[in-house]
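Heads up, the thing below is written out as structure tokens.
Residues: numbered from 1 along the sequence shown. The figures here come from the full heavy-atom set of this structure, side chains too, leaving out hydrogens, waters and symmetry mates. Since the model is a prediction, treat every value here as computed from it, not as a measurement.
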Amino acid sequence: MTRKFNSYIALLLAVLALSVSAPAFPAESNQAAASATVAPLSMSPAHTPAAATGAKADAPAPAPVALPSGGTAADRISDRALASEAAGSAAQLRIALNLAWTLICGFLVMFLQAGFAMVETGFCRAKNASHTMAMNLMIYCIGLLAYWVCGYALQTGGLGGFPTLGGGSGLNCEVTVHLFGKAFGLFGAKGFFLGGPSLDPAVCVAFLFQAVFMNTAATIPTGAMTERLKFSAFVAYGFFMCGLLYPLFANWVWGGGWLSQLGANFNLGHGFVDFAGSSVVHLTGGVVALAGAKVLGPRLGKFNKDGSPNPIPGHHIPMAIVGTLILAFGWFGFTAGSTLAASDLRIGVVAVNTMLASAAGGFVAMLFMWVKYGKPDLTMSANGLLAGLVAVTAPCAFVTPFASVVIGSAAGVLCCISIIFVERTLRVDDPVGAISVHGLGGAWGAVALGLFADGSYGGGLNGVKGNVRGLFYGDGGQLAAQCVGVAIDVIFVFFAAYLFFRLLDRFIGMRVASDVEREGLDQHEIAVAAYPEFNLRQLPFGSGITPRPRQ
């Protein structure tokens with residue numbers, strides 16, 4: 001590896017020296033050198049000098065011809081070959097760097113699964129801890145398999161490739177309808193089982209990166225449905241969410257679908273824009289959480305006969321706070337990784353905006369609860385921090401750091417107000433606040449992009465010229481597109497999820513029996529209880545554990 005690296009360095013130095021002493025190449029040669037950088041990940045053999053010049057391999061070498069500069073035609077051909085090889089090597093290095101960057105960020109997002117598991121388990125009661133952990137573990141397995149079978153194809157099967165990753169051209173079939181002389185993409189039709197001509201390194205890397213986003217969206221509703229959801233119903237939900245519902249909406253925004261084309265088709269800014277998933281991931285997950293919690297109903301003892309709520313404290317708040325910090329760490333992969341390119345220097349702005357919005361959300365949520373109720377609420381501070389992250393996820397690449405602080409601060413306050421509203425007015429039992437943190441936070445983030453995008457980034461996005469600008473920077477059409485996208489997300493996802501949960505409840509049953517809920521789901525739904533010593537008298541027969549009599 002070191003010898004090859006030294007060879008490239010020597011090659012680049014030689015090209016620089018020749019560029020000073022030799023006359024400029026003709027225009028035709030420049031075009032040929034530029035064309036050598038196209039498709040660096042091609043599976044064909046490397047170009048040879050003979051192939052590059054169009055000469056036959058067995059043809060005799062031409063006689064040297066003297067040139068005014070003192071060189072020969074053979075020297076000039078060799079120089080062009082060296083320049084082409086250097087340019088091709090630089091392009092390959094850029095692609096390889098982007099692939100590695102995207103993979104590393106995907107690994108960070110995968111680590112969010114641990115954060116979600118700790119947050120949700122810490123906010124639930126000890127008797128249901130293993131059940132909650134099991135849902136967070138198995139949604140990863142179920143979701144990946146469902147996404148591999150059909151979800152990825154439905155989402156990206158018509159995208160046409162990943163330019164920064166150097167491949168993916170096999171994903172070229174989008175099912176569309178034509179209305180008013182416009183094409184509206186509905187879902188992709190290539191890439192099922194990651195097989196066929198669609199398979200290449202770029203497709204695989206993009207699959208990993210998109211799959212962990214999908215897993216995040218599917219994990220969010222488990223927090224709202226925990227402590228009373230049957231595990232069998234959870235398994236059915238996982239396949240539906242990851243294989244069908246999430247990929248459809250993701251296609252409309254990130255797969256070349258109709259929401260992304262609102263700008264090209266109707267002059268609404270750049271169409272619906274969501275840089276890293278405030279709506280596609282978080283609003284979708286929050287809306288599904290609302291539908292699921294509505295069908296399930298509240299936990300036993302949550303509400304009195306007059307509708308007033310009773311607090312049901314979580315069993316391990318330190319665990320939930322550690323999970324929150326894990327989420328804040330992994331979120332950098334969420335946002336900065338969505339460039340799909342380490343060569344995109346905007347990643348610095350994206351990362352700083354992510355950090356500032358989270359800090360603002362947590363701090364303002366703490367102040368709000370302190371002023372309103374006399375003491376800072378640690379759980380609300382954690383949810384405010386997460387709401388700030390959720391809100392900035394869509395606009396993080398398009399706004400200034402100051403705007404990120406404003407967006408995060410507003411998300412922190414909205415989160416606190418929404419959690420109280422959902423519980424006391426809607427009377428929906430959400431043990432972890434997922435509906436407010438991800439649902440309302442995601443909606444606010446998508447709308448905030450339409451307000452605060454400053455026109456410094458996003459040139460050519462979704463086929464529209466110029467950078468992305470919000471209402472405050474002269475483009476009200478972008479705000480209109482964002483509002484349309486949020487409305488479609490809420491309406492389509494809620495009704496699709498609500499219908500699915502109703503059917504699931506009718507044919508399988510979603511909720512455990514009341515005696516099971518009282519004793520704890522760990523004992524009846526999961527083979528291993530998280531804290532068996534807490535409930536020895538209630539363990540089912542055959543557990544192999546016998547309470548020791550008191551001395």
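Y152 contributes atom OH, which lies 15.5 Å from atom CZ of F193 (distance to the nearest 0.5 angstrom). Residue C105 holds its SG atom at 9.0 Å from CG of L340, rounded to the nearest 0.5 Å. Distance check, rounded to the nearest 0.5 Å: CD of E525 to CE of M135 gives 9.5 Å. Distance check, rounded to the nearest 0.5 Å: NE2 of H524 to NE2 of H131 gives 11.5 Å. Atoms CZ and OG1, from F334 and T393 in turn, are 6.5 Å apart once rounded to the nearest 0.5 Å.
Note: W331 and H282 have parallel aromatic rings, judged against thresholds of 30 and 60 degrees for the angle between ring planes. Ring-plane geometry between F494 and Y498 is classed as parallel, the angle between the planes falling under 30 degrees on a 0 to 90 degree scale with a further cut at 60.
Aromatic rings of F111 and F107 (six-membered ring for Trp) have centroids beyond the 6.0 Å cut-off, not under it.
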### Query
Taking it one step at a time, do E227 and K127 satisfy salt bridge (Lys or Arg N to Asp or Glu O under 4.0 Å)?
CA-CA 9 Å; E227 300 204 272; K127 63 183 181 180; over 6 Å; no
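A salt bridge is defined here as a Lys NZ or Arg NE, NH1 or NH2 lying under 4.0 Å from an Asp or Glu carboxylate O, and K302 with E423 meets this definition.
E120 and N136 share a side-chain donor-acceptor pair at under 3.5 Å. Between N128 and D522, the side chains place no donor N or O within less than 3.5 Å of an acceptor N or O (distance only, hydrogens not considered). Side-chain atoms of T284 and D489 include a donor-acceptor pair closer than 3.5 Å.
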